[in-house]
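Naming convention: chains lettered A, B, ... in sequence-line order (proteins, then strands); numbering from 1 in each chain.
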Protein chains: 2
Amino acid sequence: MKLSKKTDYALRALLYLSLRHERGSVQIKEISAEEKLPTKFLESILLSLRKAGILHSKLGLNGGYSLARPPEQITLGEVIRVLDGTLAPMSCVSRVEYESCPEEIGCAVRSVMQDVRNAIARVLDETTLADLSKRVVLLRKSQVRGAGVS
Amino acid sequence: MKLSKKTDYALRALLYLSLRHERGSVQIKEISAEEKLPTKFLESILLSLRKAGILHSKLGLNGGYSLARPPEQITLGEVIRVLDGTLAPMSCVSRVEYESCPEEIGCAVRSVMQDVRNAIARVLDETTLADLSKRVVLLRKSQVRGAGVS
DNA sequence: ATTAAGTCTATAATATTGATAGACTTTGCT
DNA sequence: AGCAAAGTCTATCAATATTATAGACTTAAT
């Protein structure tokens, strides 16, 4: 049930952009340096996100990437679906990569996996980049205070 | 976030055994034939499950596999952890495959993935093979009636 | 002794993941 | 005009994980 590095990197890059949403274009090089991500790999990831309408890019000198929409309007679910393809544990309960199966209707395994898919989607489709940014602030506070729910 | 075929096959085999829990030993060949699973592959899967204490095996003539415990005491979470290794989307929020990370404490991505892990675990650690068997019955009923929640 | 079962070791084929190289295009700046 | 800095595109690669299969071995019932 693991998330790919691709998606992991994507989320980190998007969070970086999200926290600098006011600032305009940010270069790949800066993101990869700050977040310690492999530059060329990140390049292809950001390209996919742009093609999916999540990022906006500016070519040429002083170019770079920025969020195509405000952080409130980009969910983690959307991002993961672009890069990993589906949130679902099996394709018979997937929205984006649905594949039918003859046994489908009476399949008990499927029925549980449906629940799993929904549980995952409930978290990821309701968490936006804005929420992620807020968590950064909250986590920093509780880190300083040594507090937190653990 | 996909489940491996290995785990998928395992769940189907276990459900098969679960529905025949009274019956004593069942042979690999029967399971693979009825559930249409590759015999040799299933063999290695069942072996892993036995080593993990989920199945009991009987050697020699009239041997075969049976559940090592009543179906009420085997959760899907346990099964998946044996074969896929973890329910968690990243190792920094995994119980069985935990790997620490320097950024861990203040990491917002981790914090969301923690939520995801918990959502997944809530379903899979609370669903047993007995529950799965019950679903088979329920699904069959609603199938016949043409009813159901869709 | 025979035979039907699981066990063990090794390996092969394929797919996926993670990553890089390099040529190309676009744009701002002087 | 021309340089430099940015993203774009195509191609490919290495490493790893997944999905299997083969075959020799062990155990136990009859």
J.: I'd like to know if A:Asp131 and A:Lys134 make a salt bridge, using a cut-off of under 4.0 Å between side-chain N and carboxylate O.
T.: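 A salt bridge links A:Asp131 with A:Lys134.
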
J.: Whether B:Asp8 and B:Lys2 form a salt bridge (side-chain N of Lys/Arg under 4.0 Å from carboxylate O of Asp/Glu) is what I want to check.
T.: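 No, B:Lys2 and B:Asp8 are not salt-bridged.
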
J.: Looking at A:Glu35, is its backbone amide N or carbonyl O close enough to the side chain of A:Arg12 to form a donor-acceptor pair, meaning the two atoms are under 3.5 Å apart?
T.: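 No; zero donor-acceptor contacts below 3.5 Å.
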
J.: Heavy-atom count check: over 12 atoms from other residues, nucleotides or ligands less than 6.0 Å from B:Arg69 CZ?
T.: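 Enclosed: over 12 neighbouring heavy atoms sit under 6.0 Å from CZ of B:Arg69.
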
J.: For C:dC29, take OP1 and OP2 only and decide whether either is under 4.0 Å from a side-chain N or O of A:Asn62.
T.: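 Yes, because at least one side-chain N or O of A:Asn62 sits under 4.0 Å from OP1 or OP2 of C:dC29.
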
J.: Just to be sure I understand the rule, does A:Gly63 reach a base, reach only the sugar-phosphate, or reach nothing, if contact means heavy atoms closer than 4.0 Å?
T.: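 The answer is sugar-phosphate, as A:Gly63 gets under 4.0 Å only of primed atoms, P, OP1 or OP2.
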
J.: Looking at DNA chain C, which of residues 23-58 of chain A put a heavy atom within less than 4.0 Å of it?
T.: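 Hits under 4.0 Å, by residue number: A:Pro38, A:Lys40, A:Phe41.
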
J.: Indicate yes or no: does B:Arg135 engage A:Asp115 in a salt bridge with an N to O separation below 4.0 Å.
T.: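 Salt bridge present between B:Arg135 and A:Asp115.
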
J.: Compute the bend angle of the helix from C:dA1-D:dT30 to C:dT30-D:dA1 from the end axes (five pairs per end), rounded to 10°.
T.: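 It works out to 0° between the end axes.
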
J.: One thing to verify: whether A:Lys40 and A:Glu43 come together as a salt bridge, which I'm taking to mean a side-chain N less than 4.0 angstrom from a carboxylate O.
T.: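 Salt bridge flag = yes for A:Lys40 with A:Glu43.
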
J.: Using a cut-off of strictly less than 4.0 Å, decide whether A:Tyr9 has a side-chain nitrogen or oxygen near OP1 or OP2 of C:dA19.
T.: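 Yes, such a contact exists.
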
J.: Quick one: A:Glu97 CD to C:dA15 P, roughly how many Å, whole number?
T.: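 Result: 16 Å.
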
J.: Please report, rounded to the nearest Å, how far the C1' atom of D:dT19 is from the CG atom of B:Asp8.
T.: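 Rounding to the nearest Å, CG of B:Asp8 and C1' of D:dT19 are 13 Å apart.
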
J.: Would you mind checking if A:Glu30 and A:Arg23 are paired as a salt bridge, meaning a charged N to carboxylate O distance below 4.0 Å?
T.: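 Judged by the 4.0 Å cut-off on N to carboxylate O distance, A:Arg23 and A:Glu30 do form a salt bridge.
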
J.: Under 4.0 Å between a Lys/Arg side-chain N and an Asp/Glu carboxylate O for A:Glu34 and A:Arg20?
T.: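 Salt bridge absent between A:Glu34 and A:Arg20.
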
J.: Without swapping roles, check the side chain of A:Ser111 against the backbone of A:Cys107 for a donor-acceptor pair under 3.5 Å.
T.: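 No; zero donor-acceptor contacts below 3.5 Å.
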
J.: Considering only C:dG18, D:dA20, D:dG7, which nucleotide approaches the side chain of A:Leu59 most closely?
T.: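 Given the options C:dG18, D:dA20, D:dG7, the side chain of A:Leu59 is closest to D:dG7.
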
J.: Taking all non-hydrogen atoms of both residues, which atom of A:Ser66 and which atom of A:Gly24 are closest, and how far apart?
T.: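 Closest heavy-atom pair between A:Ser66 and A:Gly24: CB-O, 4.0 Å.
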
J.: Is it true that B:Leu47 and B:Leu42 fall in one hydrophobic cluster, defined by side-chain heavy atoms closer than 4.5 Å?
T.: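 Yes, one cluster joins them.
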
J.: Measure all distances between protein nitrogen or oxygen atoms and nitrogen or oxygen atoms of nucleotides 10-12 of chain C, and list the pairs falling under 3.5 Å.
T.:
none

